[in-house]
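Below is one structure, written out as structure tokens; the observations come after it.
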Amino acid sequence: MVSAPVARTVEPSAVPLMNIANILTILRILAVPLFLLALFAAGGHDTAWRIGAAALFGLAAITDRIDGQLARKYGLVTDFGKLADPIADKALIGSALIGLSLLGDLAWWITLVICAREIGVTLLRLAVVRRGVIPAGRGGKLKTLVQSLAIAVVLLPLSGGFETAGLILMYAAVVLTVVTGLDYVVQAARLWSGPVKRS
């Protein structure tokens with residue numbers, strides 16, 4: 001009798017840590033101190049340096065969208081990327097908000113509301129991680145987009161209607177920040193009342 005061949009399971013090769021998506025995330029983190037240097041150069045209100053700071057912020061913000069798309073499209077999702085990507089986002093946006101407030105170009109209450117929400121959501125995710133993951137919804141993505149656009153406009157040395165438009169965008173970002181933050185609280189409460197995931 002000839003025994004039936006044993007089916008072999010081929011394990012997929014591990015995703016390399018230094019893939020293009022993670023490299024873009026690392027570059028975004030490294031861009032933060034460069035952005036801050038440009039923002040505070042020459043007293044923080046030099047036209048050329050402010051344009052340079054806005055350009056750096058814009059490029060770094062764009063890589064946030066690109067690295068996520070690449071990771072999902074080409075199967076480059078890693079544990080490092082899951083951890084580093086939100087850290088990079090919060091470092092970039094948080095440093096820009098705090099920098100603008102220190103320069104007197106943005107009200108501190110706006111910076112405190114947005115930063116408190118980001119820290120709070122991060123703590124909520126950690127608190128319920130054993131019961132499930134709170135996914136980033138469309139509202140969260142829209143919030144990040146509006147925040148980035150608002151910051152970029154406020155960074156530019158604009159005046160008149162353009163300056164007003166930047167403030168309106170920033171107020172819209174604050175509203176989205178609060179609304180999506182409350183949505184995360186509701187989702188976290190639902191997960192917390194559910195069963196603990198077995199590892």
Side-chain angles (χ1 to χ4, degrees), residues 22-68 81 83-126 136 139-185:
N22 286 345
I23 289 172
L24 287 174
T25 299
I26 293 170
L27 287 175
R28 189 157 74 257
I29 294 172
L30 295 176
V32 171
L34 295 177
F35 159 72
L36 289 173
L37 285 173
L39 178 60
F40 286 100
H45 291 99
D46 179 79
T47 298
W49 280 110
R50 284 296 286 263
I51 292 174
L56 274 172
F57 178 87
L59 286 173
I62 288 171
T63 65
D64 174 36
R65 185 166 183 82
I66 295 173
D67 63 10
L83 177 66
D85 188 67
I87 290 174
D89 298 341
K90 289 172 176 54
L92 179 65
I93 289 178
S95 64
L97 292 170
I98 293 170
L100 286 168
S101 292
L102 286 171
L103 291 171
D105 296 333
L106 186 66
W108 272 107
W109 71 265
I110 293 177
T111 295
L112 292 174
V113 167
I114 294 177
C115 289
R117 183 269 189 198
E118 299 300 338
I119 294 170
V121 166
T122 299
L123 294 176
L124 272 178
R125 280 178 160 158
L126 292 174
K141 293 175 181 177
L142 177 61
K143 177 267 306 179
T144 302
L145 174 62
V146 176
Q147 281 181 354
S148 298
L149 286 174
I151 290 170
V153 174
V154 175
L155 282 169
L156 289 169
L158 303 173
S159 59
F162 292 107
E163 185 179 11
T164 303
L167 287 175
I168 292 172
L169 268 176
M170 190 62 74
Y171 292 142
V174 171
V175 171
L176 284 169
T177 297
V178 173
V179 170
T180 56
L182 292 174
D183 181 56
Y184 275 109
V185 171

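Along the sequence shown, residues carry numbers from 1.
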Verdict with reasoning, Leu39 to Leu155, per side-chain contact (heavy atoms from CB on, under 4.5 Å)
CA-CA 8 Å; Leu39 178 60; Leu155 282 169; 3.6 Å; yes

Does the side chain of Phe57 reach to within under 4.5 Å of the side chain of Val32, using non-hydrogen atoms?
no

Of Arg28, Lys141, Lys90, which meets salt bridge (Lys or Arg N to Asp or Glu O under 4.0 Å) against Asp64?
Arg28

Judged by atom type as modelled, is there a donor-acceptor pair below 3.5 Å linking the side chain of Arg50 to the main-chain atoms of Pro157?
no

Note: Asp105 and Val154 closest approach over all heavy atoms is O-CG1, 4.0 Å

Closest contact, heavy atoms only, Ala96 versus Ile151
CB-CG2, 3.6 Å

Restricting to non-hydrogen atoms, name the atom on Gly99 and the atom on Phe40 that form the minimum distance, rounded to 0.1 Å.
CA-CZ, 3.6 Å

Taken to the nearest 0.5 Å, the spacing of Ile62 CD1 from Leu24 CG works out to 11.5 Å

Fit a plane to each ring of Trp109 and Tyr171, take the angle between them on a 0 to 90° scale, and name the class: parallel (under 30°), tilted (30 to 60°) or perpendicular (over 60°).
parallel

Closest non-hydrogen atom pair, Ala152 against Ala54:
O-CB, 4.2 Å

Contact check, side chains of Arg65 and Leu145, non-hydrogen atoms, under 4.5 Å
no

If you measure from OG1 on Thr63 to CD1 on Ile23, what distance do you get to the nearest 0.5 Å?
12.5 Å

What do the steps show when you test Glu118 against Leu97 for side-chain contact (heavy atoms from CB on, under 4.5 Å), and what is the final call?
CA-CA 12 Å; Glu118 299 300 338; Leu97 292 170; over 6 Å; no

Could you go step by step and tell me if Leu102 and Trp108 meet the side-chain contact (heavy atoms from CB on, under 4.5 Å) rule?
CA-CA 8 Å; Leu102 286 171; Trp108 272 107; 3.7 Å; yes

Heavy-atom check, side chain of Leu176 versus side chain of Leu142, under 4.5 Å
yes

Of all heavy-atom pairs linking Ile93 and Ser148, the shortest is CD1-OG, 4.2 Å

Walk me through whether Val153 and Phe162 qualify under side-chain contact (heavy atoms from CB on, under 4.5 Å).
CA-CA 8 Å; Val153 174; Phe162 292 107; 5.7 Å; no

In Å, rounded to the nearest 0.5 Å, how long is the span from OG1 of Thr47 to CG of Leu156?
10.5 Å

Roughly how far apart are Leu167 CG and Ile110 CD1, rounded to 0.5 Å?
7.0 Å

Atom CG in Leu56, atom CH2 in Trp49: separation rounded to 0.5 Å?
9.5 Å

Interatomic distance, Leu106 atom CG to Met170 atom CE [nearest 0.5 angstrom]:
5.0 Å

Nearest heavy-atom contact between Thr177 and Ala173 is OG1-O, 2.6 Å

